[in-house]
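In this text, all values refer to a predicted model and were calculated from it rather than measured experimentally. Order of the sequence lines sets the chain letters (A, B, ...), proteins ahead of strands, with each chain counted from 1.
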Amino acid sequence: MEPIIELNELTKQYGEQTAVDRLTLNVNRGEIFGLLGPNGAGKSTTILMMLGLAEPTSGTVTVCGIDSTRQPIHVKRKVGYLPDDVGFYEELTGTENLLYTARLNGFSRKEAVSRVEYLLDRVGLGEAAHKKAGAYSRGMRQRLGLAEVLIKQPEVIILDEPTLGLDPEGVRELLQLIRQLSRDEGMTVLLSSHHLHQVQQICDRVGLFVAGRLLAQGDVHSLSQQLFQEESIVIEVQVNHFPGGLLDALQQVDGVSRIETHDDGRLVIHCTQHVTSEISRMIVESGTSLLHLTQRQYGLDEIYHRYFEGREADEKR
Amino acid sequence: MRSDDKRLHPFWVIVQKEVADHLNSWRFYILLLLLVLTCFGSLYTAMMSIRDAAPSEDALVSHLFLKLFTVSDGTLPAFMTFISFLGPLLGIGMGFDAINSERTKGTLSRLLAQPIHRDYVLHAKFVAALFVISVMFFALGFLVMGLGLLMLGIPPSPEEFWRMVIFLLLSICYVAFWLNLAILFSVRFRQAATSALASIAVWIFFSVFFTMIVRLIAAATLPTQAADMNGWLSHQQFVQILLRFSPSQLFSEATTIMLTPSIRSLGPLTMEQIYGAIPSPLPLGQSVLLIWPHIIGLIAATTVCFGLSYLLFMRQEVRSR
């Protein structure tokens with residue numbers, strides 16, 4: 001696969017503080033990549049450097065084969081950027097706001113009008129096209145922002161915290177829209193977020209970004225494997241009582257690595273493979289009654305959490 | 001080619017939008033109203049007092065028309081004085097929130113993510129405001145001229161006409177300086193209120209305190225009685241140079257020369273210099289020559305402000321809100 005965004009040993013320092021620390025990352029053409037990390041991790045700084053809006057202290061950024069630091073104008077022709085907490089000229093209507101952007105991108109008024117109309121329909125703002133942007137709700141603003149990003153027919157779109165401040169339904173709709181747009185237009189999407197679940201829903205790959213460094217990258221499954229080595233699947237079982245030998249029998253199952261027992265009849269089984277059906281069959285056959293069984297895959301939440309636990313432990317030392 | 005099909009350069013797209021913004025804003029109407037009041041007020045007082053102001057020497061009567069801009073009966077200041085007072089307000093009003101309002105609205109990062117050079121934004125905002133101001137000044141200047149023509153019944157001579165045009169251009173230069181200063185503060189300060197306050201502080205400093213300070217310095221450095229004529233003369237020149245650090249001083253000297261052709265020099269003249277001089281007005285070319293340094297000074301001050309704001313803006317990190 002051909003990388004469309006290439007970061008190489010990218011570093012940005014503000015005085016003593018290092019915001020981005022020797023970041024090396026590739027994003028492939030056509031994928032949705034999630035940059036995941038807590039506030040202040042350096043996500044926005046990285047994005048600004050990709051657009052040539054901030055100058056790296058060292059390292060290189062190449063987007064669409066163009067050096068962002070040297071030729072920001074050429075990069076900005078191919079990359080759409082939606083800043084977090086995007087603002088519009090409130091006294092202008094949604095259409096007028098987008099027309100301005102379109103004309104800045106070199107469209108004639110006539111071309112701009114038809115393009116803007118199409119895009120506003122596409123993001124579901126056809127009805128509100130002639131309302132003042134000041135009267136838009138947060139979700140509408142975000143969709144207007146998305147339409148704006150698409151005006152220049154970009155190869156890559158970069159969304160900084162696109163779901164911030166939206167209600168759950170708004171988030172779902174926006175993410176659907178992003179996914180659909182990226183599939184239809186064949187665009188590469190890079191989005192940053194600190195919301196794990198949201199990113200998990202639509203991203204092909206995720207980069208975990210903390211304190212200016214990339215901890216791990218890959219799809220959610222391989223990320224959890226990277227971080228939890230073998231024990232990436234957890235099965236939680238609750239039974240009436242433990243018949244003798246059940247624990248030993250379970251321990252023998254291929255793929256089970258560790259079992260924790262709790263007093264209230266709960267078992268937490270860490271496994272390396274999907275063995276749920278086998279385990280449930282064994283429990284039922286052993287004569288006890290199975291009250292409850294859930295299979296949990298480590299989500300980004302746990303990944304996140306585990307990292308922070310580790311960091312706090314480090315700090316205590 | 002129809003205008004709808006034309007692809008404008010992004011720079012002119014920004015200028016177009018900024019001009020439209022100015023023309024749609026309340027602030028513009030308020031400033032325009034102030035200026036219109038100024039025009040009619042000063043025109044009125046000029047009409048009241050121009051008869052007394054008509055000079056006795058025949059040679060000077062030819063420049064009566066220019067008196068429209070300079071005479072006053074003491075109740076209201078003349079047009080010239082009004083402009084030197086209101087000009088800064090106009091410039092500050094148009095520029096104090098040029099950049100920081102985009103920043104607080106969160107539109108700056110969106111704007112800069114478009115394929116445009118960063119300095120276009122700064123540049124276009126300056127050009128747009130200057131364009132609006134120029135149109136306003138020329139419209140009002142010509143309005144005063146036209147009304148004066150109707151009321152006085154004397155047409156201006158070509159020379160008077162050019163003197164008035166140069167006066168208007170000078171005023172635009174002067175306002176451009178304040179506009180740039182305000183833009184500089186709008187880049188520097190995040191809050192529009194702070195930047196407005198800073199610009200107004202500079203304005204008040206130059207219009208009130210600066211002359212006081214210069215007078216203090218003048219008094220302190222005054223040569224003793226024993227000093228000869230030359231010592232006194234050089235002291236006088238020194239004070240004048242100090243005064244000219246203020247843009248409003250530059251402007252008022254330049255406009256005075258432009259609109260009052262009978263004034264022959266800005267510095268002190270010795271008796272030998274005056275002796276034998278014919279009391280005739282200066283020709284246009286000579287007047288321009290006399291104020292050339294002032295014009296250059298004003299433009300230089302404007303350029304310095306612009307350069308500084310450019311430098312600051314290019315180095316600033318563009319974050320969203």
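The contact between A/Leu48 and chain B is made entirely by side chain atoms (from C-beta outward), counting heavy-atom distances below 4.5 Å. Using a 4.5 Å cut-off between heavy atoms, B/Leu108 does not touch chain A at all. For B/Glu102, the part lying under 4.5 angstrom from a heavy atom of chain A is the side chain only. For A/Lys78, no part lies near chain B; criterion is any non-hydrogen pair under 4.5 Å. With a threshold of 4.5 angstrom between heavy atoms, B/His117 approaches chain A through its backbone and through its side chain. If you measure heavy-atom distances from A/Glu148 to chain B, the contacts under 4.5 Å come from the side chain alone. Contacts of A/Ile151 with chain B are absent, with no heavy-atom separation under 4.5 Å from either backbone or side chain.
B/Phe131 CZ: 12 or fewer foreign heavy atoms inside a 6.0 Å radius. Atom CZ of A/Arg213 has 12 or fewer heavy atoms from other residues, nucleotides or ligands within 6.0 Å. Within a 6.0 Å radius of CZ in B/Phe85, no more than 12 heavy atoms belonging to other residues, nucleotides or ligands are found. Within a 6.0 Å radius of CZ in B/Arg188, no more than 12 heavy atoms belonging to other residues, nucleotides or ligands are found. Other residues, nucleotides and ligands place no more than 12 heavy atoms under 6.0 Å from the CZ atom of B/Phe245. No more than 12 heavy atoms of other residues, nucleotides or ligands sit less than 6.0 Å from atom OH of B/Tyr44. A/Gln13 CD: more than 12 foreign heavy atoms inside a 6.0 Å radius. Shown here is A/Glu173, whose CD atom has more than 12 heavy atoms of other residues, nucleotides or ligands within 6.0 Å.
Interface remark: of the candidates A/Ser44, A/Gly106, A/Pro72, A/Ala112, A/Gly106 forms the most heavy-atom pairs closer than 4.5 Å to chain B. With chain B as partner, the option from A/His74, A/Glu55, A/Glu111, A/Glu90 having the largest number of non-hydrogen pairs under 4.5 angstrom is A/Glu111.
Under a 3.5 Å cut-off, the side chain of B/Arg118 and the backbone N or O of A/Leu53 do form a donor-acceptor pair. A/Lys76 places a side-chain N or O within donor-acceptor distance of the main-chain N or O of B/Leu112, the cut-off being under 3.5 Å.
Using a 4.5 Å cut-off on side-chain heavy atoms (C-beta onward), A/Lys152 and B/Pro115 make contact. Counting heavy atoms from C-beta outward, B/Leu8 and A/Phe107 have side chains that stay 4.5 Å or more apart.
Interatomic distance, B/Arg110 CZ to A/Thr101 OG1, rounded to the nearest 0.5 Å: 5.0 Å. Between the CD atom in A/Glu91 and the CG atom in B/Asn24 there is a gap of 8.5 Å [rounded to 0.5 Å]. In this structure, CD on A/Glu96 lies 10.0 Å from NZ on B/Lys17, to the nearest 0.5 angstrom. Rounded to the nearest 0.5 angstrom, B/Trp12 CH2 and A/Leu104 CG are separated by 14.0 Å. Interatomic distance, NZ of A/Lys110 versus CZ of B/Arg7, reported as 12.0 Å (0.5 Å rounding). Going from atom OG of B/Ser109 over to atom CG of A/Asp160 covers 9.0 Å, rounded to the nearest 0.5 Å.
In this model, a donor atom of one side chain and an acceptor atom of the other lie less than 3.5 Å apart for B/Gln114 and A/Asn105.
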